[in-house]
Amino acid sequence: EKGETSEQAALREVKEETGLNVEIIRISNIYFKPREKEIVFCFICEIKSGKIKINKEADKIEYFEFKKLPKNTARSHIQRIKDALAVIRK
């Protein structure tokens, strides 16, 4: 939203899309999407409260082991997950 920092936007989006309140631990990476002329910020977060809720953007919310991600997971998302896991494992 206009006027939000990337951190504020991430917290709001997580709440809107999952029902969870999270705390940002650190940034994991920043990506540029040249076709869309967008910058994507990825954060490592910790769940603090809330309850997972289904919404208009997701009719199902699940957790997966990295090796068991659904086959329809976008390659760019897989790369972002790999990068975040590398940050966590340092």
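Computed from a predicted structure; not experimentally measured.
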Please determine which of R80, R75, Q79 meets the side-chain contact (heavy atoms from CB on, under 4.5 Å) test together with H77.
R80
Side-chain donor/acceptor of S28 to backbone N/O of V87, under 3.5 Å:
no
Strictly by salt bridge (charged side-chain N to carboxylate O under 4.0 Å, His left out), give each pair with a member in residues 16-26 just once, sequence neighbours left out.
R12-E16, E23-K48
Starting at CZ of F43, measure out to CD1 of I25 and round the result to the nearest 0.5 Å.
12.0 Å
Assess whether side chain to side chain contact (heavy atoms under 4.5 Å, CB included) is satisfied between K15 and L20, documenting all intermediate values.
CA-CA 5 Å; K15 177 68 175 176; L20 300 174; over 6 Å; no
Separation between CD1 of I39 and OH of Y31, rounded to the nearest 0.5 Å:
14.0 Å
If you measure from CD1 on I78 to CG on L69, what distance do you get to the nearest 0.5 Å?
6.0 Å
I need the full list of side chain to side chain donor-acceptor pair (under 3.5 Å) pairs touching residues 50-59, with sequence neighbours left out, sorted by first then second residue.
none
Would you say L11 and V14 are hydrophobically clustered, going by side-chain heavy atoms of ILVMFWY under 4.5 Å?
yes
Residues two or more places apart in sequence or in another chain: which of them pass salt bridge (charged side-chain N to carboxylate O under 4.0 Å, His left out) with K68?
E65
May I ask you to test the Y63-I52 pair for a side-chain heavy-atom distance under 4.5 Å?
yes
For I24 and A10 the tightest heavy-atom approach is CD1-CB, 4.3 Å
Check whether any side-chain heavy atom of F64 lies under 4.5 Å from a side-chain heavy atom of T73, and answer yes or no.
no
Examine the side chains of N21 and S49 and answer whether a donor and an acceptor come within less than 3.5 Å of each other.
yes
Take a 6.0 Å sphere around NZ of K82 and say whether it holds more than 12 heavy atoms from other residues, nucleotides or ligands.
no
Just verifying a value: how many Å separate I61 CD1 and I54 CD1, rounded to the nearest 0.5 Å?
4.5 Å
For the atom pair SG (C42) and CG (N29), what is the distance rounded to the nearest 0.5 Å?
7.0 Å
Residues in side-chain contact (heavy atoms from CB on, under 4.5 Å) with Q8, at least two apart?
E4, T5
Does the pair E62/K60 count as a salt bridge with the N-to-O cut at 4.0 Å?
yes
Who pairs with K37 by salt bridge (charged side-chain N to carboxylate O under 4.0 Å, His left out), at least two apart in sequence or on another chain?
none
Side-chain heavy-atom pair I30, I27 within 4.5 angstrom cut-off
yes
ILVMFWY network linking F41 to I81, side-chain heavy atoms under 4.5 angstrom:
no
Just to verify, what does E36 make a salt bridge (charged side-chain N to carboxylate O under 4.0 Å, His left out) with, not counting sequence neighbours?
none
